[in-house]
Amino acid sequence: MPELPEVETIKRGLSEFLINKKIRKIEIFCDKSFLGPNELANSEIISISRRGKALLINLKNGITLMIHLRMTGQLIYRSDNNSFAGGHPSDNFISELPNKQTRVVFELDDGKLFFNDQRKFGFVKVLPTAEVKNDPFIKKLAKEPWEMSVEEFVKNLNRHKNSAVKPTILDQTVLAGLGNIYADEALFLSKIHPERLVSSLSEIEIKNLLENSKKVMEESIDSGGSTMATYVKADGTKGDYLKKFAKVFRREGEPCVRCGTEIIKIRVAGRGTHLCPKCQEKK
DNA sequence: CTAGGATCCTGTCAGC
DNA sequence: TGCTGACAGGATCCTA
């Protein structure tokens, strides 16, 4: 997915257009993508928030729409005067909608919000705002790196002493927000090999890892995450926002920016993983 | 309880 | 051209 920075960017982008607007109608093209009753006609959006990678659209009637984009989810807003799109970068940002990847359409009193999702792993879930905190995913979710103390991070990591560090920091109950891109980037900045066991990490390395997790996600938020604005450049050609800050992700074969060694791609716990074999020694 | 692999689903790309 | 397998910005479920 769409990791924490993309969801944060969507939160900010959609807030500009959706606050105080009413949802007139919800059209569901894929039952798997919409969990809960469709009884939200004329409900007003009062705020949009976020917990980890989950987007929360809060309605005046005490209902919250929890949206998780998972791997390929996108939210695309269009009206006569405005448009905004974010999430998994693809031509859906600019193509005619709805299309065959459209799963849910929210008709607003001003424009439409499309939930597109190629792989159908993502979902929109209807639940009482007061129950959001009891949702199984939200309930287990760890703090985001900005709120996480080193002590708590150590404690959470130590539940997985015998696991490799990369899958452990991808575990949202250990630290909220990192996904496959930012995990690789944070490990590169921290000079930690992704396959190192948690038990082998020093106090300093853990502290650096937490700091760098913040840093990579902040940088991405500052550059606008993955949205229409970064997907399509002003001249209409396609941009690649990843190239702006990613030092290792999808850079296999290119020289390391620190030492010039060729970046390699390996597989760790089933996920494609990018690293500099010299800066990130396995030990 | 943890560890690790399979699984959900659609689409694209490399290699024959 | 067509087929086949690998892989994908995530998280859960199942088994050991």
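Order of the sequence lines sets the chain letters (A, B, ...), proteins ahead of strands, with each chain counted from 1. Scope of the values below: all heavy atoms of this structure, side chains included, with no hydrogens, waters or symmetry mates.
At whole-Å resolution of the value, CZ in A:Phe29 and P in B:dC9 are 20 Å apart. Straight-line distance from the CD1 atom of A:Ile67 to the C1' atom of C:dA11: 17 Å, rounded to whole Å. Atom pair A:Lys155:NZ and B:dT2:P shows a separation of 13 Å (rounding to whole Å applied). Taking atom CD of residue A:Gln74 and atom C1' of nucleotide B:dC9, one finds them 15 Å apart after rounding to whole Å. Distance CG (A:Asn116) to P (C:dG9): 17 Å, rounded to an integer number of Å. One interatomic measurement links the two molecules: CG of A:Leu35 to C1' of C:dA11, which rounds to 14 Å at whole-angstrom precision. For the pair A:Arg271 CZ and C:dA11 C1', the computed distance is 9 Å after rounding to whole Å. When rounded to the nearest whole Å, the span between CG of A:Leu69 and P of C:dA11 equals 10 Å.
In this structure, A:Pro89 reaches the bases: a heavy-atom distance under 4.0 Å links it to at least one base atom across the strands shown. Among the atoms of the strands shown, only primed sugar atoms or phosphate atoms (P, OP1, OP2) are found under 4.0 Å from some heavy atom of A:Gly272. Heavy atoms of A:Asp117 sit nowhere under 4.0 angstrom from any nucleic acid atom. Across all strands shown, A:Arg267 has heavy atoms under 4.0 Å from sugar-phosphate atoms exclusively, and none from any base.
Of the candidate nucleotides C:dG9, C:dT12, C:dC7, C:dT12 has the atom nearest to the side chain of A:Lys140. Side-chain proximity of A:Gln118 to the nucleotides B:dG11, C:dC7, C:dT12 is greatest for B:dG11. Considering only the side chain of A:Lys100, B:dG11 comes nearest among B:dG11, B:dA3, C:dG9. Closest approach to the A:His160 side chain among C:dT12, B:dT2, C:dG9 is made by B:dT2 (side chain taken as heavy atoms from C-beta onward). Side-chain proximity of A:Ile181 to B:dC8, C:dG9, C:dT12: nearest is C:dG9. Side-chain atoms of A:Phe137 lie closest to C:dT12 of the nucleotides C:dG10, C:dT12, C:dA8.
Considering only side-chain N and O atoms, A:Arg119 lies nowhere under 4.0 angstrom from the phosphate OP1 or OP2 of C:dG10. Proximity of A:Gln172 to the phosphate of C:dG10: no side-chain N or O atom is located under 4.0 Å from OP1 or OP2. Note on A:Lys53: a side-chain N or O is less than 4.0 Å away from OP1 or OP2 of C:dG10. A sub-4.0 Å separation between OP1 or OP2 of B:dG4 and a side-chain N or O of A:Lys166 is absent. When the side-chain nitrogen and oxygen atoms of A:Arg250 are compared with OP1 and OP2 of C:dG9, one or more of them lie within a distance under 4.0 Å.
Under a 3.5 Å cut-off, the side chain of A:Arg251 and the backbone N or O of A:Lys243 do form a donor-acceptor pair.
Along DNA chain C, the nucleotide nearest to A:Pro136 and the one nearest to A:Thr273 differ in position, and the one closer to the 5' end is contacted by A:Thr273. Checking A:Ala269 against A:Arg159, the closest nucleotide of DNA chain B that is more toward the 5' end is the one next to A:Arg159.
The closest side-chain heavy-atom distance from A:Leu113 to A:Ile23 is not below 4.5 Å.
For A:Glu6 against C:dG9, a side-chain N or O and a base N or O form a donor-acceptor pair under 3.5 Å.
Here the closest non-hydrogen pair linking A:Val126 and A:Gly36 is CB-CA, 4.3 Å.
Partner assigned to C:dG9 is none, using Watson-Crick or G-U wobble distances below 3.5 angstrom. Across the strands present, B:dC9 finds no partner; the criterion is a Watson-Crick or G-U wobble pair with both atom distances under 3.5 angstrom.
Among the candidates A:Asp117, A:Thr102, A:Asn99, A:Thr72, the single residue satisfying the side chain to side chain donor-acceptor pair (under 3.5 Å) test with A:Asn92 is A:Asn99.
The aromatic ring of A:Phe121 does not stack onto the base of B:dC9, failing the criterion of a centre distance under 5.5 Å from the six-membered base ring together with planes under 30° apart. The aromatic ring of A:Tyr182 is not stacked on the base of C:dG9, since the criterion of ring centres less than 5.5 Å apart with planes inclined by under 30° is not met.
Aromatic ring orientation, A:His68 versus A:Phe137: perpendicular (interplanar angle above 60°, classes split at 30° and 60°).
Going from the P atom of C:dC3 to that of B:dC9 covers 23 Å, rounded to whole Å. Separating the P atom of B:dT10 from that of C:dT1 is a span of 25 Å, rounded to the nearest Å. The separation of B:dA14 from C:dG9, taken at their P atoms, amounts to 16 Å, rounded to a whole angstrom. Here the separation of B:dA3 from C:dA8, taken at their P atoms, is 23 Å to the nearest Å.
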* Stepwise side-chain contact (heavy atoms from CB on, under 4.5 Å) check, A:Asn58 with A:Ile48 -> CA-CA 6 Å; A:Asn58 306 302; A:Ile48 303 180; 5.9 Å; no
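The distance from atom CD of A:Glu218 to atom CD of A:Glu8, rounded to the nearest 0.5 Å, is 11.0 Å.
Heavy atoms from other residues, nucleotides or ligands lying under 6.0 Å from NZ of A:Lys191 number 12 at most.
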